[in-house]
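In what follows, chains are A, B, ... by sequence order, proteins preceding strands, each numbered from 1. In this text, all values refer to a predicted model and were calculated from it rather than measured experimentally.
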2 protein chains.
Amino acid sequence: MALTIGDLGKATNTKVETIRYYESIGLLPKPARTAGNYRAYGPVELGRLSFIRRARDLGFSLDQVRAMLSLADDKACDCAGIDRIAREHLEEVERKIADLTALRQELSAVIRSCAGGTIADCRIIEALGPSQ
Amino acid sequence: MALTIGDLGKATNTKVETIRYYESIGLLPKPARTAGNYRAYGPVELGRLSFIRRARDLGFSLDQVRAMLSLADDKACDCAGIDRIAREHLEEVERKIADLTALRQELSAVIRSCAGGTIADCRIIEALGPSQ
DNA sequence: CTTGACCCTATAGTTACTACAGGGACTATA
DNA sequence: TATAGTCCCTGTAGTAACTATAGGGTCAAG
């Protein structure tokens, strides 16, 4: 049985509007329609949307997602291309991890500086102020 | 001497348009004007904008910044509110690091498994797809 | 045979900026 | 004094990636 747009949304934790938006920008193909003009989805679309959502959760832009998908769609392309793009994505992920780790460090320092008094004594304000 | 909007931008690494935008949404107060209708800033505005930019760099939303600023403006209020906002944000950062670390693992596995075949054999789809 | 939950299209709003367009102010030089 | 160049002004529109609303159609249950 085909899935409605609502079913697909529940299965992938995506709002119905977002699915239609992805379709409108060409990330999801225009699906088949029922007699009543409802969108009808199958497991292929489910997989594709799951991929998109997971990549988005991990901070990839829609353009990056699009690149990954077109790579995956091109069955003729050989593995060297995939390998190269996968490595590029890996580097980006590693850069993001490094950035966020540094950010965590700074945030922790800011939080630790708060001893719990009143604003007049609060160090978080100072810590975020015009340093240097 | 008063600072022009350009001076303030250079001092805080902020584009002129962004400063005017912050003013338009009420994050920065409307400054004094010169005879020629130029905005004139002083050290107070410099401090406030530095705070905003630093908080933004650390990934706080403008709403979070706004909340922190209004808490900071109220000197009688205690530090707990600001501390809570910072801690919530830290938790978010830690979640993202964990997610990205998992993705790095998967991407590394994909790259290792991709030994030169065709897309049909490639694991990138499964690695990011609706598996779990 | 009607109620309510779902679906449809189209458009406008959100966040946090960024980029014009069209004009005015100020500084340095010829 | 004229003029070139760099800054400033307001106002509007564009960006990403959704999200919400308006105004209507479809379908299963009671």
Is any side-chain nitrogen or oxygen of A/Arg56 closer than 4.0 Å to OP1 or OP2 of D/dC18? yes
Please give, in whole Å, the distance from D/dC7 C1' to B/Asn37 CG? 14 Å
Counting the atoms with a prime plus P, OP1 and OP2 as sugar-phosphate, which does A/Ile25 contact under 4.0 Å by heavy atoms, base, sugar-phosphate, or nothing? nothing
Round to a whole Å and report the spacing from CG of A/Leu28 to P of D/dA17. 15 Å
Residues A/Arg87, A/Glu91: salt bridge by 4.0 Å N-O rule: no
Nucleotide D/dA17, atom C1' - distance to CZ of A/Arg66 in whole Å: 12 Å
Classify B/Thr34 by what it touches in the nucleic acid, base, sugar-phosphate, or nothing, heavy-atom distance under 4.0 Å. nothing
Taking everything shown except B/Asp57 itself, do over 12 heavy atoms lie less than 6.0 Å from its CG? yes
Go through DNA chain C in 5' to 3' direction and return only the first and the last nucleotide with some atom under 4.0 Å of chain A's heavy atoms. C/dC6 to C/dT9
Give a yes or no on whether A/Asn13 atom CG has more than 12 heavy-atom contacts from other residues, nucleotides or ligands under 6.0 Å away. no
Would you kindly compare B/Gly36 and A/Tyr38 by the position of their nearest DNA chain D nucleotide and give the one closer to the 5′ end? B/Gly36
Indicate if B/Ile25 and B/Val65 have the same hydrophobic cluster label, given that clusters are the connected sets of ILVMFWY residues with side-chain heavy-atom separations under 4.5 angstrom. yes
Base, sugar-phosphate alone, or nothing: which one does A/Ser61 contact when heavy atoms must sit under 4.0 Å apart? sugar-phosphate
Scan side-chain atoms only and decide if B/Arg53 and B/Thr14 contain a donor-acceptor pair under the 3.5 Å cut-off. yes
Looking at A/Gln64 and A/Ser61, would you say the former's side chain and the latter's main chain have a donor-acceptor pair under 3.5 Å? yes
Closest contact, heavy atoms only, B/Val93 versus A/Arg104: CG1-CB, 4.1 Å
Check each residue of residues 8-24 of chain B for a non-hydrogen atom within less than 4.0 Å of any atom in DNA chain C, then write out the ones that pass by number, or none. B/Lys15, B/Glu17, B/Thr18, B/Tyr21, B/Tyr22
Is the number of heavy atoms from other residues, nucleotides or ligands within 6.0 Å of CD (A/Gln105) greater than 12? no
Atom OH of B/Tyr41 and atom P of D/dC8 are separated, to the nearest Å, by 10 Å
Please say yes or no: joined through hydrophobic side-chain contacts below 4.5 Å, possibly via intermediate residues, are A/Tyr22 and A/Tyr38 part of one cluster? no
